Amino acid sequence: MFQVTTLFSQAEKTEKELRENPKPSDSEIEAAKVLVKEKGDVVAQLKAAKASKQEISTAVDELNRAKEIVSKLEERFKLKPGIPRKDDGSIAFENDFFKRQAFLTVSGQLQVETYACALSSVYTFGPTFRAENSHTSRHLAEFWMVEPEIAFANLQDDMNCAEKYVQYLCKWLLDHCQEDMEFMVKNYDKSAIERLELVSSTPFVRISYTKAVELLKNVTDKKFDNKVEWGIDLASEHERYLTEDIFKKPVIVYNYPKGIKAFYMRLNDDDKTVAAMDVLVPKVGELIGGSQREERLDVLKQRILDAGLPLEPYEWYLDLRRFGSVKHSGFGLGFERMILFATGMENIRDVIPFPRYPGRADL
């Protein structure tokens with residue numbers, strides 16, 4: 001995740017201030033405190049002498065100004081260059097803008113689950129940010145995601161929705177963007193329209209992760225760069241081989257090992273896999289990732305702990321289960337990957353107006 005912080009700019013501002021106006025010495029602060037005492041004595045004397053209200057009020061104003069000067073001097077005296085730290089050396093995030101650690105979103109999913117439990121069927125569409133140091137033709141540091149969340153839905157419902165959604169998008173492009181697609185066929189990918197027609201009209205293949213690994217391990221006509229064995233996160237070369245060479249159509253792989261999937265995905269009865277699914281398509285590989293969400297409070301808490309994560313930041317998310325929930329599912333579709341798949345372009349950086357990726361954020 002990308003961390004959001006103002007601590008660096010605050011530190012630069014503090015260092016500049018200290019250069020231009022060094023923090024006060026002990027003697028300056030002591031002199032200011034002496035002045036406060038003197039002003040206080042004046043106020044006391046005026047009150048004892050039953051002076052006029054105007055005289056006392058003027059003296060009190062001078063005392064308050066003297067106290068304010070001491071407060072500001074003491075505050076400046078505490079200024080230190082660099083990032084503020086606690087006594088144990090850790091960063092003092094309570095001095096940060098949000099008074100805690102904060103990050104750019106990698107997904108709107110956790111938040112949109114609250115909407116689904118209130119409104120049933122919802123979606124979010126917005127930018128997401130991932131600090132993955134990947135330079136492939138399929139990855140961006142900033143990209144857009146369409147993320148539906150469906151109440152009362154299990155994994156089967158989730159797969160049905162994902163398949164129908166992709167088919168709808170393909171058909172919509174054929175019905176409304178024929179001229180654009182013909183341009184892509186002429187200039188970039190001769191099979192673009194044919195691919196959309198195939199996907200929009202053909203049922204997707206559905207296989208378990210275990211079956212997918214079995215099929216890939218039996219491949220003899222290709223040597224994969226990444227070794228295939230149960231428990232690995234399928235690489236793009238594996239995903240594309242399944243959809244381009246073995247089945248020659250979109251494939252939905254489901255029931256992945258729990259060790260390679262997120263804590264919020266529902267644990268299956270075998271205690272080895274989770275109710276997760278990925279939609280794989282030609283040219284791209286993974287287009288959609290989704291799952292049935294874990295609705296059991298005790299299981300979800302243990303999954304968070306098993307992932308080595310603290311419970312505190314997720315208490316609001318646990319409350320959804322703690323105070324009653326329903327089974328629900330959802331998925332995320334990478335918008336740029338869908339454009340990549342539809343047009344036949346080779347690099348995802350060419351289908352977003354301002355591509356940002358490792359080493360490049362000047363646009």
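When a residue number appears, it is its place in the shown sequence, counting from 1. In this text, all values refer to a predicted model and were calculated from it rather than measured experimentally.
Within 6.0 Å of atom CG in Asp269, 12 or fewer heavy atoms from other residues, nucleotides or ligands are found, so the atom counts as exposed in its surroundings. Open room surrounds CD on Glu75; 12 or fewer heavy atoms of other groups in view lie less than 6.0 Å from it. For Glu194, the CD atom sits in a loose shell: 12 or fewer heavy atoms of surrounding residues, nucleotides or ligands are nearer than 6.0 Å. Within a 6.0 Å radius of CZ in Phe152, other residues, nucleotides and ligands contribute 12 heavy atoms or fewer. Counting non-hydrogen atoms of other residues, nucleotides and ligands closer than 6.0 Å to OH of Tyr123 gives a total of 12 or fewer. Heavy atoms of other residues, nucleotides or ligands lying less than 6.0 angstrom from NZ of Lys23 number more than 12. Within a 6.0 Å sphere centred on CD of Glu179, heavy atoms belonging to other residues, nucleotides or ligands number 12 at most.
Between the side chain of Asn187 and the backbone N or O of Phe183, at least one donor-acceptor pair lies under 3.5 Å. Between the side chain of Thr124 and the main chain of Val112, no donor-acceptor pair closer than 3.5 Å is present.
Between the side chains of Asn218 and Glu214, no donor-acceptor pair of N or O atoms lies under 3.5 Å. Between Ser107 and Glu147, the side chains place a donor N or O and an acceptor N or O closer than 3.5 Å (distance only, hydrogens not considered). Using a 3.5 Å distance cut-off with no hydrogens or angles, the side chains of Glu237 and Asn226 do pair a donor with an acceptor. Thr210 and Ser208 form no side-chain donor-acceptor contact under 3.5 Å, judged by distance and modelled atom types alone. Donor-acceptor pairing under 3.5 Å is recorded for the side chains of His328 and Glu113. Side-chain contact, Asp270 with Thr273: a donor N or O sits under 3.5 Å from an acceptor N or O. Between Tyr264 and Gln109, the side chains place a donor N or O and an acceptor N or O closer than 3.5 Å (distance only, hydrogens not considered). Between the side chains of Asp96 and Thr6, a donor-acceptor pair is found at a separation under 3.5 Å. Between the side chains of Asp278 and Tyr254, not a single donor N or O lies within less than 3.5 Å of an accepting N or O. No hydrogens or angles considered: nothing links the side chains of Glu74 and Ser71 as a donor-acceptor pair under 3.5 Å. Looking only at atom types and distance, the side chain of Asp221 has a donor-acceptor partner in the side chain of Tyr241 under 3.5 Å away.
For Arg322 and Glu315, the salt-bridge test passes: some basic side-chain N is under 4.0 Å from an acidic carboxylate O. Looking at Asp61 and Arg65, no side-chain N of the basic residue comes within less than 4.0 Å of a carboxylate O on the acidic one, giving no salt bridge.
Proximity of Arg85 to Lys80: side-chain heavy atoms (C-beta onward) are nowhere separated by under 4.5 Å. Counting heavy atoms from C-beta on, the side chains of Leu173 and Asp180 never come closer than 4.5 Å. Contact check for Tyr256 versus Ile260: side-chain heavy atoms found under the 4.5 Å cut-off. Looking at heavy atoms from C-beta onward, Lys301 lies in side-chain contact with Leu311 at the 4.5 angstrom threshold.
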Distance-only donor-acceptor pairs under 3.5 Å for side chains of residues 159-170, two or more places apart:
unit_1 : atom_1 : unit_2 : atom_2 : d
Asn160 : OD1    : Arg206 : NH1    : 3.0
Asn160 : OD1    : Arg206 : NH2    : 2.8
Asn160 : ND2    : Gln156 : O      : 3.3
Glu163 : OE1    : Arg206 : NH2    : 3.0
Glu163 : OE2    : Phe204 : N      : 3.2
Gln167 : NE2    : Val199 : O      : 3.4
Gln167 : NE2    : Thr202 : O      : 3.0

Chi angles and distances behind the side chain to side chain contact (heavy atoms under 4.5 Å, CB included) call for Val253, Val251: CA-CA 6 Å; Val253 179; Val251 178; 4.1 Å; yes

I'd like to know whether Lys72 forms a salt bridge (charged side-chain N to carboxylate O under 4.0 Å, His left out) with Glu68, so could you lay out the CA-CA distance, the side-chain angles of the two residues, the decisive distance to 0.1 Å, and finally the verdict. CA-CA 6 Å; Lys72 287 182 177 179; Glu68 189 177 335; 3.5 Å; yes

Would you check, one step at a time, whether the test side chain to side chain contact (heavy atoms under 4.5 Å, CB included) holds for Lys258 with Asp306? CA-CA 11 Å; Lys258 66 178 182 180; Asp306 290 345; 5.6 Å; no

Evaluate salt bridge (charged side-chain N to carboxylate O under 4.0 Å, His left out) for Arg138 paired with Glu336, printing each intermediate quantity in order. CA-CA 9 Å; Arg138 304 287 180 269; Glu336 288 79 19; over 6 Å; no

Using salt bridge (charged side-chain N to carboxylate O under 4.0 Å, His left out), reason through Asp362 and Arg360 one step at a time and then give a plain yes or no. CA-CA 6 Å; Asp362 51 341; Arg360 185 73 182 269; 2.5 Å; yes

Do Glu295 and Arg321 pass the salt bridge (charged side-chain N to carboxylate O under 4.0 Å, His left out) test, and can you show the C-alpha distance, the side-chain angles, and the key distance before you say yes or no? CA-CA 6 Å; Glu295 84 282 6; Arg321 281 74 177 170; over 6 Å; no

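Here the straight-line distance linking atom CG of Leu340 with atom CG of Asp350 works out to 8.5 Å at 0.5 Å rounding. Rounding to the nearest 0.5 angstrom, the gap separating the CG atom in Leu333 from the CZ atom in Arg337 is 10.0 Å. Atom CG of Asn268 and atom CG of Leu155 lie 8.0 Å apart (nearest 0.5 Å). Interatomic distance, CD of Gln54 versus CG of Leu46, reported as 11.5 Å (0.5 Å rounding). Atom CH2 of residue Trp172 and atom OG of residue Ser200 lie 14.5 Å apart, to the nearest 0.5 angstrom. From Lys78, atom NZ reaches atom CG of Leu73 across 12.0 Å, with rounding to the nearest 0.5 Å.
Under the 6.0 Å distance and 45° angle rule, Arg195 counts as a cation-pi partner of Phe341.
Shown are Phe125, Phe143, Trp144; of these, the ring pair (Phe, Tyr, Trp, His ring centres under 6.0 Å) with Phe335 is made only by Phe125.
A pairwise comparison of heavy atoms in Ala66 and Lys39 identifies CB-CG, 4.2 Å as the closest pair. Nearest heavy-atom pair, Thr136 versus Arg349, reported as atom, atom and distance to 0.1 Å: O-NH2, 4.4 Å. Across all their heavy atoms, Asp158 and Gly290 have their closest contact at OD2-C, 3.9 Å. Here the shortest heavy-atom pairing between Asp271 and Leu267 reads OD1-CD2, 3.1 Å. Between Lys283 and Asp189, the shortest heavy-atom distance links the atoms CE-OD2, 3.9 Å. Residues Arg293 and Arg266 come closest through the heavy atom pair O-CB, 3.8 Å.
Hydrophobic cluster membership differs between Leu79 and Val70, with clusters built from Ile, Leu, Val, Met, Phe, Trp and Tyr side chains linked at under 4.5 angstrom. Hydrophobic clustering keeps Ile246 apart from Val284 (ILVMFWY residues linked when any side-chain heavy atoms are closer than 4.5 Å, directly or through intermediates).
For His139 and Tyr357, the distance between ring centers is not under 6.0 angstrom.
Taking the side-chain contact (heavy atoms from CB on, under 4.5 Å) definition, one finds that Glu312 meets it with Arg100, sequence neighbours left out.
Applying the ring pair (Phe, Tyr, Trp, His ring centres under 6.0 Å) rule to pairs touching residues 76-118 yields nothing, sequence neighbours excluded.
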